[in-house]
Protein chains: 2
Amino acid sequence: MGSAGAVGPQLSRGEFGLLVLGLLGRRQMYGYEIVSELKGSTEGAIDLAEGTVYPALRRLERDGLIVGFWVDTRSGPRRRYYRLTPQGESALDEGRADWARFKAAADTVLGS
Amino acid sequence: MGSAGAVGPQLSRGEFGLLVLGLLGRRQMYGYEIVSELKGSTEGAIDLAEGTVYPALRRLERDGLIVGFWVDTRSGPRRRYYRLTPQGESALDEGRADWARFKAAADTVLGS
DNA sequence: GCCGATACCTAGCGATACTAGGTATGAACA
DNA sequence: TGTTCATACCTAGTATCGCTAGGTATCGGC
């Protein structure tokens, strides 16, 4: 699934997971950073709660799409950074394609 | 809610409801028609199950965004048509704006 | 009379997004 | 010293959603 099926199921459920994946496709990041980066880079249009992001990261790691590792800091609590696995890169590619198709389809329906 | 908040919550939960609303913004339709119309006009990219569409229609009606009415047919079972209420039109406008913002934000994140 | 296409509906399941908390670290300041 | 703040992580519980997998009913054609 993912590449062949209709977009609906993919995007409706793993939508935000895909966005997290997209961020991690640029560079490795930690959860708290992802929350503020998402909000900042989208001018507040996408403002996910921590309670959304942390479980999403766990699911992505559970599914083998990302790997996490602890990094100690000089100031403040340690951070758990994540980066994409090869599987994650593939999933991101598929996700981007799914997103493009869904976007086009939704635009057709919404008449934008 | 709707106009002011971040797009995420709106779209992730009412996403398909918005698409149904978008179809009904063009003309009144009945459930079964919506299913095939969605699939057809998006070339299969959006293929919602009946078990998705009928409950969505009930929610939209419950929320006052659409109204349904039975129409007898000469051939086959009767149909329940739906059309937008004034509230539904406003919600569709807001939904389109939300969609545009979310689309732009997601494109930024996904780098498309 | 039976089958297929149409057209509606729902219970139950799995998954998600969010709320509303909680814990812990280190810096700044009095 | 100790209190507060920003950082940074986590999770239980709740509401809701999309889907599966059924079910019912109407009408035309054979």
Side-chain angles (χ1 to χ4, degrees), chain A residues 1-2 5-21 28-40 46-63 65-66 68-82 95 98 102 106, chain B residues 1 5-21 28-40 45-63 66 68-82 98 102 106:
Chain A
M1 41 109 199
V7 179
Q10 312 298 334
L11 284 179
S12 67
R13 304 219 277 216
E15 191 175 308
F16 294 153
L18 175 60
L19 294 181
V20 170
L21 223 53
Q28 61 187 42
M29 296 177 74
Y30 56 98
Y32 197 83
E33 186 184 15
I34 290 175
V35 173
S36 59
E37 178 83 7
L38 259 181
K39 182 173 183 177
I46 295 175
D47 185 11
L48 300 187
E50 291 184 23
T52 298
V53 171
Y54 287 115
L57 286 169
R58 296 196 155 265
R59 287 194 297 270
L60 290 171
E61 187 169 29
R62 180 201 62 194
D63 296 340
L65 304 184
I66 62 178
F69 49 98
W70 290 105
V71 174
D72 282 331
T73 59
R74 289 276 154 64
S75 69
R78 60 184 184 166
R79 303 166 172 171
R80 187 161 176 83
Y81 278 86
Y82 293 91
D98 286 346
F102 178 78
Chain B
M1 44 110 195
V7 181
Q10 312 298 335
L11 282 180
S12 68
R13 305 223 276 214
E15 191 177 308
F16 293 154
L18 176 61
L19 294 182
V20 170
L21 223 54
Q28 61 186 41
M29 295 177 74
Y30 57 98
Y32 197 82
E33 187 183 14
I34 290 174
V35 173
S36 58
E37 179 83 5
L38 261 181
K39 183 173 182 178
I46 296 175
D47 185 10
L48 300 187
E50 292 183 23
T52 299
V53 171
Y54 287 114
L57 286 169
R58 294 196 155 266
R59 287 193 298 269
L60 292 171
E61 188 169 28
R62 181 200 62 195
D63 296 340
I66 62 177
F69 49 98
W70 290 105
V71 173
D72 283 330
T73 59
R74 289 277 153 65
S75 70
R78 61 186 184 164
R79 301 166 172 170
R80 187 163 178 83
Y81 277 86
Y82 293 90
D98 285 345
F102 178 78

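Chain letters run A, B, ... following the sequence lines, proteins first and then strands; every chain starts at 1. Model, not experiment: these values are computed from the prediction.
A heavy-atom distance below 4.0 Å to DNA chain C is reached by none of the residues of residues 28-36 of chain A.
The two residues B:Val53 and B:Ile34 have their closest heavy-atom pair at CG1-CG2, 4.1 Å. Smallest separation of non-hydrogen atoms from A:Leu57 and A:Gly31: CD1-CA, 3.8 Å. Pairing each heavy atom of B:Arg78 with each of B:Asp72, the nearest pair is CB-OD1, 3.6 Å. Annotation for A:Glu61 and A:Gly68: closest pair OE2-N, 3.0 Å, computed over non-hydrogen atoms. Scanning both residues, B:Arg80 and B:Trp70, for their nearest heavy atoms gives NH1-NE1, 3.1 Å.
Between B:Arg79 atom CZ and C:dC9 atom P there is a gap of 14 Å when expressed in whole angstrom units. One interatomic measurement links the two molecules: CG of B:Leu57 to P of D:dC17, which rounds to 13 Å at whole-angstrom precision. Taking atom CG of B:Asp72 as the reference point, atom P of D:dT26 lies 11 Å away to the nearest angstrom. As a whole-Å value, the separation of A:Arg78 CZ from C:dT23 P is 17 Å. For the pair B:Arg80 CZ and C:dC9 P, the computed distance is 7 Å after rounding to whole Å. Between B:Leu60 atom CG and D:dG18 atom P the separation is 10 Å, expressed in whole Å. Taking atom CG on A:Leu48 and atom C1' on C:dT16, their separation rounds to 12 Å, with Å as the unit. In this structure, B:Tyr54 atom OH and D:dA21 atom P are separated by 19 Å, rounded to whole Å.
Using a 4.0 Å cut-off, some side-chain N or O of A:Arg59 falls inside it from OP1 or OP2 of C:dT16.
In this structure, CD1 on B:Ile66 lies 4.5 Å from CG on B:Leu60, to the nearest 0.5 angstrom.
Between A:Thr52 and B:Pro77, it is B:Pro77 whose nearest contact on DNA chain C lies nearer the 5' terminus. Toward the 5' end of DNA chain D, the nearer of the two residues B:Arg62 and A:Arg58, judged by each one's closest nucleotide, is A:Arg58.
Proximity note for A:Tyr82 (side chain, C-beta onward) versus C:dT10, C:dC9, D:dC10: the nearest is D:dC10.
Side-chain contact between B:Phe102 and B:Glu15 is absent, with no heavy-atom pair separated by less than 4.5 Å.
Heavy atoms of B:Ser75 sit under 4.0 angstrom from primed sugar atoms or phosphate atoms, though from no base atom.
Contact annotation: side chain of B:Glu50 to base of C:dC8, donor-acceptor pair present below 3.5 Å.
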